[in-house]
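Just follow the structure's listing: the first ligand is 1, and inside any ligand the first atom is 1.
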Amino acid sequence: MKRRQALEKACFLLREQAKEESIAKFLLQYILDENSGKFNYNMDAELEKELENKYFGLIEEHIEKDTPLSHLAGFEYFYNRKFKVNKNVLSPRMETEELIYKILDDFKYCDKKYLKILDLCTGSGIIGITLEKELKIATSITASDISKEALQVARRNAELLQSSVHFIESNLFENIEDKFDVIVSNPPYIPYEDMSTIKKNVLDYDPHLALFAKEEGMFFYKRIIESADKYLEEDGIIYFEIGYNQREKIQDIANNHKFICQIIKDINSKDRIAILSKEK
Ligand SMILES: C[S@@+](CC[C@H](N)C(=O)[O-])C[C@H]1O[C@@H](n2cnc3c(N)ncnc32)[C@H](O)[C@@H]1O
C-alpha cells in the first residue's frame, strides 16, 4: 500500500467514528519518523507492511480506546520541545505554556543576574526544563515530585534536552533545603468531588495522583503557601497554575499568609495563573 492510500484509509476510519482526521497524518509521520518536508515529498512511496500494521494498530487503538495521541506516540510537544510522556505523568497542557509565557515576560527586564527556581510537582519536568532553556538569566533550577516513576520520565526528558535541572524525590517540601527566588507549581488541583465531571480519557490515561487534591482542590496551594516563608527569599515570587474557579479561595489563603495575590486569565479568558509576592 502507498503511504497516500494508507493516509486516506486512516482518515476514512477516523471520520466514520467522528474522530479528528488530523490524527491520521500525525501518526503516519510519527511512525515514519520523518520531518514534514521529507514526509510530504515521499507521499507516493510504498509503506512497508510492518509499518502499515503498526500504523493501523495505532489508529484502531485510538478509535477503540480513545487513547490520546501523546500516549500512542509516547511524547507531547510543550513550548516547541518534544517531551516524553507515559502513564506516570500528566500529559503537558496548553494552559501550562501560559504560565511559562508569564514568567518569561516578568523576568525579561529583571535586575537579577541569577535566579534560583523551584518547580514543585514537576511531573514530566516540562516547567523546570523549559524555564532553564528559555530564561535569559542564569538559573539554578530544582524540580521535585513525590512520584519516583514521574521523576524517571523527567530525568529522561532532561537528558534528551540537555538540561541540567536538578531533580529531587520529595513529598512537597520534605526533602527541600534551600531558599528560592521563584517557586513555580502546577500541582494537582481538581477537587475529588468533581471527578464525575472529568472526561473519561483523562481519567483513564492521566495519573490520578497528578489530577486530584483534597480540601476542595486547595490542599497543595495551602501547604505550599503555609511553608513559603521557609523556602522563599524575602523578595521571592510564587507562580501557580490554578483551576478556573479557584480565584477567591487562593486569594483568601494568600492574604491570610500576608501575600499579595494577582490572578491572570488564560487565552480563553479563564482565571489560570496566581502570582503571589510578600506584602512589603
Ligand atoms: C498537575 S501534575 C503537573 C505536572 C507538571 N508540572 C505539568 O505541569 O505538566 C501534578 C504533579 O504533582 C505530583 N504530586 C502529587 N502529590 C505530590 C506531593 N505530595 N508532593 C510532590 N508532588 C506531588 C504528581 O505526581 C504530578 O506529577
Between Lys179 and Glu233, is the salt bridge (charged side-chain N to carboxylate O under 4.0 Å, His left out) condition met? List the steps. CA-CA 6 Å; Lys179 275 198 174 222; Glu233 294 290 355; 5.4 Å; no

Please determine if Pro188 has a nitrogen or oxygen closer than 3.5 Å to a nitrogen or oxygen of ligand 1. no

Using a 4.0 Å cut-off to any heavy atom of Leu209, which atoms of ligand 1 qualify? 15 (C), 24 (C), 25 (O)

With Ser277, which residues qualify under side chain to side chain contact (heavy atoms under 4.5 Å, CB included), at least two apart? Ile260

Dump the intermediate steps for salt bridge (charged side-chain N to carboxylate O under 4.0 Å, His left out) on Lys222 and Glu215, then the final yes or no. CA-CA 9 Å; Lys222 268 194 201 157; Glu215 301 178 23; 3.0 Å; yes

Which residue holds the protein heavy atom closest to atom 22 (N) of ligand 1, what is that atom called, and what is the gap in Å? Ile146 N, 3.2 Å

Check if Pro187 has a non-hydrogen atom at a distance under 4.0 Å from any atom of ligand 1. yes

Please classify the Thr122 to ligand 1 contact at 4.0 Å (heavy-atom distances, strictly less than): side chain, backbone, both or neither. backbone

If you have a sec, work out which protein heavy atom is nearest atom 1 (C) of ligand 1 and how many Å separate them, to one decimal? Ala210 O, 2.9 Å

Which atoms of ligand 1 sit under 4.0 Å from any heavy atom of Leu90? 1 (C), 9 (O)

Does either side chain, that of Glu76 or that of Ser91, offer a donor lying less than 3.5 Å from an acceptor on the other one? no

The atoms of ligand 1 lying under 4.0 Å from a heavy atom of Ser170, numbered in the order shown, are 20 (N), 21 (C)

Purely on distance, is any nitrogen or oxygen of Ile127 under 3.5 Å from one on ligand 1? no

What's the spacing between Gln5 CD and Asp44 CG if we round to 0.5 Å? 9.0 Å

Would you mind listing which atoms of ligand 1 come within a distance below 4.0 Å of any non-hydrogen atom of Asn186? 1 (C), 2 (S), 3 (C), 7 (C), 8 (O), 10 (C)

What is the nearest protein non-hydrogen atom to atom 6 (N) of ligand 1, stated with its residue, atom name and distance? Cys121 O, 2.9 Å

Ring-face cation contact, Tyr239 with Lys102, 6.0 Å cut, 45° max: no

If we only count heavy atoms from C-beta on, is the Leu13 to Phe56 side-chain gap below 4.5 Å? yes

Counting C-beta onward and ignoring hydrogens, is there a side-chain heavy-atom pair between Val153 and Val85 closer than 4.5 Å? no

Evaluate Leu172 for polar contact with ligand 1, using N/O atom pairs at a separation under 3.5 Å. yes

Which bit of Phe220 is near ligand 1, meaning a heavy atom under 4.0 Å away: side chain, backbone, both or neither? side chain

Report yes or no: does Asp194 contribute a side-chain atom to a donor-acceptor pair with the main-chain N or O of Thr197 at less than 3.5 Å? no

Mark up the atoms of ligand 1 that fall under 4.0 Å of a heavy atom belonging to Ile126, in ascending order. 7 (C), 8 (O), 9 (O)

Output the list of atoms in ligand 1 that are nearer than 4.0 Å to some heavy atom of Thr96, sorted by atom number. 8 (O)

Going by distance only, is there an N or O of Asp145 that falls short of 3.5 Å from an N or O of ligand 1? yes

Is any side-chain heavy atom of Arg155 closer than 4.5 Å to a side-chain heavy atom of Leu151? yes

Closer than 3.5 angstrom, by distance alone: can the side chain of Thr139 be matched with the main-chain N or O of Ile141 as a donor-acceptor pair? no

Quick note on ligand 1: atoms under 4.0 Å from a heavy atom of Gly123 include exactly 4 (C), 27 (O)

Within ligand 1, which atoms have a heavy atom of Asn171 less than 4.0 Å away? 18 (C), 19 (N), 20 (N)

